There are 2 protein chains.
Amino acid sequence: MPVSVYTPAEVVEETGFTLDTLRYYEKIGLLERVERNAAGQRRFSEQDVGWLGMLRCLRDTGMPIAQMLRFAELTRAGDHTIPDRIKLLEEHDRLVEGQIENLMERRRYIRNKISYYRSVL
Amino acid sequence: MPVSVYTPAEVVEETGFTLDTLRYYEKIGLLERVERNAAGQRRFSEQDVGWLGMLRCLRDTGMPIAQMLRFAELTRAGDHTIPDRIKLLEEHDRLVEGQIENLMERRRYIRNKISYYRSVL
DNA sequence: ATCTCACCTGGAGCGGACTCCAGGTCAAGC
DNA sequence: GCTTGACCTGGAGTCCGCTCCAGGTGAGAT
């Protein structure tokens, strides 16, 4: 099978990022310089798309761009940074765990409030 | 016991909002005009503090200010808006539920990635 | 050959939610 | 009675993460 490449539109479809966001991520270095075809249009590789999946995950769990950048740099720097990457992800995982707990607690509050409102109707 | 009032500093301590945020919330109408002492300094009531607890909960679960404002207006409008408030909170509760599920799924992804990194060390 | 439409670039603009500042007024502990 | 520090107001500024725009080029279906 041929090496698959994706047009911008396909990547938008796959990753849920807007085209502008993809360009922005490339501009700030969150995404390594994407290949171009003869006309200068982006042709994303399978790897690019995979990496974007990781970014989506980090973004959706609230990681700030500055830290995603740090992770991107570690990733680019080679395998010797894997322990650092583990550390970074573990720290982030703990934050996410906290977020979940926090949300569950807040949710109890909301549901209580709803019950209270029901009780006074 | 006397009706308790809180100084700005006490409210900051209790609610975790900054003083600037409290003023901002009052300015935009999220918080009803707070009482002042003779010198014009804010003296928050027990009710104010309770309401701020609700706001904190909504804010921390990602409700945008515009919607908090709507909730505030309903609350001010009287008891006949209780069904609307229930509706609003229920909708929000569903969003929060979704957030939690989403985070749990993303978290699995992160943990997988960590495992993968561990496996290649 | 033409036309439409996806893309391109660099740079300006935006929306949300605060946060900070200048310049001034009281409060209250020593 | 002084000083320090908590507060006040109105308004400007900041930060983040995009999002939009103008002006242009190439692709690819008809």
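Please read these numbers as outputs of a predicted model, since none were measured by experiment. Hydrogens, waters and symmetry mates are skipped; everything else that's a heavy atom, side chains included, is used. Within every chain, numbering begins at 1; the chains are lettered A, B, ... in the order of the sequence lines, protein sequences first and strands thereafter.
Put simply, CG on Leu58(A) is 15 Å from C1' on dG17(D), counting in whole angstrom units. Summarising the geometry, the separation between CD on Glu35(B) and P on dC7(D) is reported as 17 Å, rounded to the nearest angstrom. One atom, CG of Leu69(B), and another, P of dC18(C), lie 12 Å apart when rounded to the nearest Å. Taking atom CG of Leu22(A) as the reference point, atom P of dG17(D) lies 16 Å away to the nearest angstrom. The nearest whole Å value for the distance from the CD1 atom in Ile28(B) to the P atom in dG16(C) is 11 Å. When rounded to the nearest whole Å, the span between CD of Gln67(B) and P of dG16(C) equals 13 Å. Here dG11(D) presents its C1' atom at 14 Å from OH of Tyr24(B), a figure rounded to the nearest Å. Nucleotide dC18(C) holds its P atom 9 Å from the CZ atom of Arg56(B), rounded to whole Å.
Contact check, Tyr25(B) against dC18(C): a side-chain N or O comes under 4.0 Å of OP1 or OP2. For dA6(D), neither phosphate oxygen OP1 nor OP2 lies less than 4.0 angstrom from any side-chain nitrogen or oxygen of Thr7(B). Distances shorter than 4.0 Å separate some side-chain N or O of Arg36(A) from OP1 or OP2 on dT9(C). OP1 or OP2 of dC18(C) has at least one side-chain nitrogen or oxygen of Arg59(B) nearer than 4.0 Å. One finds no side-chain N or O of Thr18(B) lying less than 4.0 angstrom from the OP1 or OP2 phosphate oxygen of dC18(C).
Among dG17(D), dG10(D), dC8(D), the nucleotide with an atom closest to any side-chain atom of Gln41(B) is dC8(D). In this structure, the nucleotide among dA17(C), dC26(C), dC7(D) sitting nearest to the side chain of Ile65(B) is dA17(C). Out of dC8(C), dC18(D), dA17(C), the shortest distance to the side chain of Leu19(A) is found at dC8(C).
Arg42(A) comes within 4.0 angstrom of the backbone, heavy atoms only, and of no base.
By the 4.5 Å heavy-atom criterion applied to side chains, Lys113(A) and Tyr117(A) are counted as neighbours.
Under a hydrophobic clustering in which Ile, Leu, Val, Met, Phe, Trp and Tyr are joined whenever their side-chain heavy atoms come within less than 4.5 Å, directly or via other members, Ile86(A) and Leu95(A) fall into different clusters.
Between Arg111(A) and Glu97(B), no side-chain nitrogen of the basic residue sits less than 4.0 Å from a carboxylate oxygen of the acidic one, so the salt-bridge criterion is not met.
Between Phe71(B) and Trp51(B), the two ring planes are parallel [angle under 30°; tilted spans 30° to 60°].
Judged by distance alone, the side chains of Ser115(A) and Asn112(A) never bring a donor and an acceptor atom under 3.5 Å apart.
Map Asp20(A) and Arg23(A) each onto its nearest nucleotide of DNA chain C; the residue landing nearer the 5' end is Arg23(A).
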